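Here the structure comes first, spelled out in structure tokens, and everything after it is commentary.
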Amino acid sequence: MKVGNVYTEGQAVPKEERQKASDRKADVDFLRVAESSRFKTLAEKKKKFILPLTIFFLVFYFSLPILTSYTNVLERPAIGDISWAWIYAVAQFIMTWVLCTVYVRKFQKFDKDADEIIETEIKGG
């Protein structure tokens with residue numbers, strides 16, 4: 001394995017196979033793919049997933065500085081000397097990891113669907 005390579009040696013795709021895949025995808029009319037109903041449906045699904053996730057993230061993220069700057073809500077003790085501000089700040093780290101995990105898993109499926117659409121177009125479907 002080379003340094004900086006994301007594949008291990010057992011998972012590496014042979015150069016000939018990569019070239020064949022590259023040649024097949026070069027033959028695809030991506031404008032036609034973008035106009036297909038399956039692709040538009042996939043794009044709509046992605047938008048319906050990512051927009052609420054982004055809004056939730058931004059609201060949750062920017063609530064901490066807003067609440068600490070303009071209110072006293074988070075200054076109250078929660079557990080001993082630990083205030084709600086500290087709990088909220090830790091919750092932001094947890095929220096970030098959870099959202100990243102959800103995002104990656106969901107988009108693996110979206111990538112698989114996109115590859116199927118491209119394969120269909122390569123075969124002339």
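Computed from a prediction, not measured in an experiment: that's the story for all the values here.
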### Message
Looking at every heavy atom in both Pro77 and Trp84, which two are closest together, and how far apart are they?
### Response
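Heavy atoms of Pro77 and Trp84 come nearest at O-NE1, 3.9 Å.
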#### Entry: Which atom of Ala89 lies closest to which atom of Phe93, heavy atoms considered
O-CD1, 3.3 Å
### Message
Tell me whether Ser69 contacts the main-chain N or O of Ile66 through its side chain, where contact means a donor paired with an acceptor under 3.5 Å.
### Response
no
A side-chain contact here means heavy atoms from C-beta on lying under 4.5 Å apart; do [X] and [Y] qualify?
{"X": "Ile79", "Y": "Ile87", "value": "yes"}
{"X": "Trp86", "Y": "Leu74", "value": "no"}
{"X": "Thr120", "Y": "Phe39", "value": "no"}
{"X": "Lys45", "Y": "Phe110", "value": "yes"}
{"X": "Glu116", "Y": "Arg38", "value": "yes"}

Side-chain heavy atoms nearer than 4.5 Å, only ILVMFWY residues, links allowed to pass through others: does that put [X] and [Y] together?
{"X": "Leu51", "Y": "Val59", "value": "yes"}
{"X": "Met95", "Y": "Phe62", "value": "yes"}
{"X": "Val102", "Y": "Ile55", "value": "no"}
{"X": "Val98", "Y": "Val104", "value": "yes"}

### Task
Name all residues meeting the ring-ring contact (aromatic ring centres under 6.0 Å, His included) criterion together with Phe60; count only those two or more places apart in sequence or in a different chain, and write none if there are none.
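Residues passing ring-ring contact (aromatic ring centres under 6.0 Å, His included) with Phe60: Phe56, Tyr88.
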Hey, could you give me the [atom1]/[atom2] distance between [X] and [Y], rounded to the nearest 0.5 Å?
{"X": "Gln92", "Y": "Ser63", "atom1": "CD", "atom2": "OG", "answer": "8.0 Å"}
{"X": "Ser36", "Y": "Leu42", "atom1": "OG", "atom2": "CG", "answer": "9.0 Å"}
{"X": "Phe49", "Y": "Tyr103", "atom1": "CZ", "atom2": "OH", "answer": "8.0 Å"}
{"X": "Lys106", "Y": "Ile50", "atom1": "NZ", "atom2": "CD1", "answer": "11.0 Å"}
{"X": "Asp113", "Y": "Lys46", "atom1": "CG", "atom2": "NZ", "answer": "9.5 Å"}
{"X": "Thr54", "Y": "Leu99", "atom1": "OG1", "atom2": "CG", "answer": "9.0 Å"}

### Message
Please check if the number of heavy atoms outside Asp111 that lie under 6.0 Å from its CG is greater than 12.
### Response
yes
### Query
For atom OH of Tyr61, is the number of surrounding heavy atoms from other residues, nucleotides or ligands below 6.0 Å larger than 12?
no
### Task
For side chain to side chain donor-acceptor pair (under 3.5 Å), just list the numbers for Ser83 and Arg76, CA-CA rounded to whole Å, side-chain angles, deciding distance to a tenth of an Å, and then say yes or no.
CA-CA 5 Å; Ser83 71; Arg76 297 186 187 117; over 6 Å; no
